[in-house]
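Because only heavy atoms are used, hydrogens play no part in the values below, and waters and symmetry mates are left out as well, while side chains stay in.
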Amino acid sequence: MKTTPTTILLALLTGLMLFTTGCRKDRISYVEMISREKKEIAAFMDKEGIRVRKNFPAEVVTPEKEFVEVEDGLYIRVINKGVGAPKSGETVISSRFNFHSISNRSKVDLKLYGPTSAGTFPLPFVYNENNEVLVLSPKADPNERNNQSLLCIALVEAAKHVGDGAELQIITSFRYGPAALSREGIPLFFDIVHFEYR
């Protein structure tokens, strides 16, 4: 293949374009995202008067505005602990929830709570003690499968501490939230989560 001045010019322009888009000033590192997010979560907790404890009380249920830090950046408040405990790899949990972003950088507001929540469907998942494996229920119908992108470590981790019929709240880092929303590093507040075993 013969190299022409046009080919060389196009290659140089392409290289210059890739170089300039790769050096955007508004990009921040992963460490900076975590640091920014921790400040946003702390500000949210201060504003809401939320207290943090390290362990669940004996009865698991936590008082109003009191959350348990279960992981760095993952806080859970149990309103109703439900009954029983899930079995890893066996229990299918149907979850309904509402969440919104804590950050002012991006507004996210999702309502998936209630039996028919404006035509939405629950998110069914298989509880797995190793929360690095997130599995949508194989029996989920096509409408429920549409919610697959919302399955996250925060929900699976919360399920470890509660049973069937549980209600709770979650404050979560983007690291434990839905992957679809993690790219921008937006922390979330699940103001209500309901678990029901199938």
> Are the side chain of Arg175 and the backbone N or O of Ile34 linked by a donor-acceptor pair below 3.5 Å?
Replying inline: no

> Salt-bridged, Arg96 to Glu144, with N to O below 4.0 Å?
Replying inline: no

> Out of curiosity, does Tyr75 fall in the hydrophobic cluster containing Phe56 (side-chain heavy atoms, cut-off under 4.5 Å, transitive links)?
Replying inline: no

> For Ala85, does its backbone N or O pair with a side-chain atom of Asp164 as donor and acceptor, under 3.5 Å?
Replying inline: no

> Side chains of Glu37 and Ser173: does their closest heavy-atom pair fall under 4.5 Å?
Replying inline: yes

> Considering all heavy atoms of both residues, which atom of Ile76 and which atom of Ala158 are nearest to each other, and what is their separation?
Replying inline: CD1-CA, 3.6 Å

>> Could you tell me if the side chain of Lys38 sits less than 4.5 Å from the side chain of Asp72, heavy atoms only?
In response: yes

>> Tell me whether Thr91 contacts the main-chain N or O of Pro86 through its side chain, where contact means a donor paired with an acceptor under 3.5 Å.
In response: no

>> When you group the ILVMFWY residues by side-chain heavy-atom contacts below 4.5 Å and let the links chain together, are Phe67 and Phe97 in the same group?
In response: no

>> Could you check whether any side-chain N or O of Ser149 sits under 3.5 Å from a backbone N or O of Ala180, counting only pairs where one atom can act as donor and the other as acceptor?
In response: no

>> Between Ser103 and Glu40, do the side chains contain a donor N or O and an acceptor N or O under 3.5 Å apart?
In response: yes

> Is Ser137 reaching over with its side chain to a backbone N or O of Pro124, donor-acceptor style, under 3.5 angstrom?
Replying inline: no

>> Please check: side-chain N/O of Ser35 versus main-chain N/O of Val31, any donor-acceptor pairing under 3.5 Å?
In response: no

> What are the two closest heavy atoms between Arg198 and Pro122, and how far apart are they?
Replying inline: NH2-CG, 3.8 Å

>> Please determine whether residues Leu74 and Ile102 belong to a single hydrophobic cluster, defined as Ile, Leu, Val, Met, Phe, Trp and Tyr linked transitively by side-chain heavy-atom distances below 4.5 Å.
In response: no

> Are any non-hydrogen side-chain atoms of Leu150 and Leu110 less than 4.5 angstrom apart?
Replying inline: yes

> Ile192 versus Glu167: any side-chain heavy-atom pair under 4.5 Å?
Replying inline: yes

> What are the two closest non-hydrogen atoms of Phe195 and Leu155, and how far apart are they?
Replying inline: CZ-O, 3.5 Å

>> Looking only at side-chain N and O atoms, does Ser29 offer a donor or acceptor that is under 3.5 Å from a partner on Glu32?
In response: yes

> Do Tyr127 and Ser88 come close enough that some side-chain heavy atom pair is under 4.5 Å?
Replying inline: yes

>> If hydrophobic clusters are built from ILVMFWY residues whose side chains come within less than 4.5 Å, do Leu112 and Phe99 share one?
In response: yes

> To the nearest 0.5 Å, how far apart are NZ in Lys111 and CG in Asn98?
Replying inline: 5.0 Å

> Side chain of Ser95, backbone of Leu123: donor and acceptor closer than 3.5 Å?
Replying inline: yes

> How about Leu181 and Ile186: do any of their side-chain heavy atoms sit closer than 4.5 Å?
Replying inline: no

> In Å, rounded to the nearest 0.5 Å, how long is the span from CZ of Arg145 to CD of Gln148?
Replying inline: 7.0 Å

>> Please give me the minimum heavy-atom distance between Val60 and Val78, naming the atom from each residue.
In response: O-CB, 3.6 Å

> When rounded to the nearest 0.5 angstrom, what is the spacing between NZ in Lys65 and CD in Gln169?
Replying inline: 8.5 Å

>> Under a 4.0 Å threshold between the charged nitrogen and the carboxylate oxygen, would Lys107 count as salt-bridged to Asp109?
In response: no

>> So Phe125 and Val156, do their side chains get closer than 4.5 Å, heavy atoms only?
In response: yes

>> Membership question, hydrophobic clusters at under 4.5 Å side-chain separation (ILVMFWY): are Val70 and Val193 in the same one?
In response: yes

> Is the shortest side-chain N to carboxylate O distance from Arg77 to Glu64 below 4.0 Å?
Replying inline: yes

> Nearest heavy-atom pair of Phe190 and Cys152: which atoms, and what distance?
Replying inline: CZ-SG, 4.3 Å

Using residues 41-53 as the side-chain source, report each donor-acceptor pair under 3.5 Å to any protein atom, sequence neighbours left out, with the distance given to one decimal.
| unit_1 | atom_1 | unit_2 | atom_2 | d |
| --- | --- | --- | --- | --- |
| Arg51 | NH2 | Glu66 | OE1 | 3.4 |
| Arg53 | NE | Asn55 | O | 2.7 |
| Arg53 | NH1 | Glu66 | OE2 | 2.8 |

